[in-house]
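Just so it is clear: chains get the letters A, B, ... in the order the sequence lines come, proteins before strands, and each one is counted from 1. Quantities reported herein were computed from a predicted structural model and do not represent experimental measurements. Quick note: numbers below take in every heavy atom, side chains included, and nothing from hydrogens, waters or symmetry partners.
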Number of protein chains: 2
Amino acid sequence: MGYSCLMALDRDHVLRSAAALLTRKSTATMDEVAKAAGISRATLHRHFAGRDALVRALEALGIAECEAALDRARLDEGSASEAVRRMVREIQPAAGLLAFLYGENQLWEADGDPGWLRLDTRIGAVFVRGQQSGEFRIDLTPVWLTEALYGLIASCAWAMHDGRVAPKDFTHMIAELLLGGALRREES
Amino acid sequence: MGYSCLMALDRDHVLRSAAALLTRKSTATMDEVAKAAGISRATLHRHFAGRDALVRALEALGIAECEAALDRARLDEGSASEAVRRMVREIQPAAGLLAFLYGENQLWEADGDPGWLRLDTRIGAVFVRGQQSGEFRIDLTPVWLTEALYGLIASCAWAMHDGRVAPKDFTHMIAELLLGGALRREES
DNA sequence: CTAATGTGAGACAAGATTGTCTCACATGGG
DNA sequence: CCCATGTGAGACAATCTTGTCTCACATTAG
């Protein structure tokens, strides 16, 4: 019958639409999600058992995209600074989805997807490496830097959505602020 | 009859409780909000016409606390860096409430309280001053720095709530990251 | 052509939340 | 004492969202 490919395409398309809509309106109805995806509510329920399952699928998608981004960023190569810049650049396509998931505090209360722990570990390792090499300061903990990175990604995604930051500046704004801060440097 | 003072105290107490609860569980019911404040749902409705009015009141409270914090921070005095540090320190008591409001994207869609614009202007002015004095780099726009400050405050409030950041480190973690970034400085 | 599959539209009940109401009770002033 | 005011508890209808169901239609393989 060969419909599995079509199903997968539809499912992915639905997830993308849902992510785009829920990023803007996190309280959107299943009906609104369905309309945004161009399908009926019945079909939406055939793909995702309920709203919970949809959010979980979005969570899994966000984790998968982040892990793929970290893979592409080759975090072990070069200096920690360059690794952070590559990481931010590769994460940009998933920024909107991440911003939505970051605001879904419902996910963190009990037992979240272990994928978040894996991501935290991988990202935190970059900051640990930078500290051990003497590249990064040691008074800002890797845990905080990781958390701050998430927050800056969500903030920038929001600012982009409102037109306050240009999409082309995403990487520069986040990476430069996270690495160098607002102060001018004496030596360039 | 002199009940206005008692009413005001009650109203403020209810707002504080609601802020503390909604920061943790943004989907809390009016009944849960009432129970958290130690009053009945009927009394809650006597103070705030509905959930919408409650959120609006929380928004007004957050704006007022932020403006008071900016007043205390004396943003025009000293270097821009020190102004930022004072600003973060004074904002800390309102961080939880701000984190809740920051995630309530419903507030920003149409016409928000003009108080946010006033706050953005006052905070942005600090970054403009730092750039004009040569203290801050100019490739990070004041608008983005303002947005990033909100994001870092929300992130740190969340990390504190989960125990990943100690409350005593709030000012240092945010101000140092925002100002100096993660990179080590050659000259201290 | 025929049948199977996926889909859209809509009906339907169940559940949750909200807003409003009434009533009884406690407290404090006159 | 008597009464006004504020409160808690609960009932109530209205609304919204959800999950499930049925039915008709389109598409496509056999």
Reading nucleotides 9-26 of chain C from 5' to 3' and marking B where a protein heavy atom lies under 4.0 Å of the base, S where only the sugar-phosphate is that close, and - otherwise, the string is B-B-----SBBB------
List the atom pairs, with distances to 0.1 Å, where a side-chain N or O of residues 165-179 of chain A and a protein N or O form a donor-acceptor pair under 3.5 Å, not counting sequence neighbours.
| from | atom 1 | to | atom 2 | distance (Å) |
| --- | --- | --- | --- | --- |
| A:H172 | NE2 | B:D139 | OD2 | 3.3 |
| A:E176 | OE1 | B:R137 | NH2 | 2.9 |
| A:E176 | OE2 | A:R85 | NE | 3.0 |
| A:E176 | OE2 | A:R85 | NH2 | 3.0 |

Nearest-Å distance for atom pair NZ/P, residues B:K35 and D:dG8
11 Å
Using salt bridge (Lys or Arg N to Asp or Glu O under 4.0 Å) as the criterion, list what pairs up with B:D120, not counting sequence neighbours.
none
Sequence-distant partners of B:R51, salt bridge (Lys or Arg N to Asp or Glu O under 4.0 Å), two or more places apart:
none
Side chain to side chain donor-acceptor pair (under 3.5 Å) partners of A:S40, counting only residues at least two apart
A:T43
Sequence neighbours excluded, which residues qualify as ring pair (Phe, Tyr, Trp, His ring centres under 6.0 Å) partners of B:H161?
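For B:H161, the residues satisfying ring pair (Phe, Tyr, Trp, His ring centres under 6.0 Å) (neighbours in sequence not counted) are B:W158.
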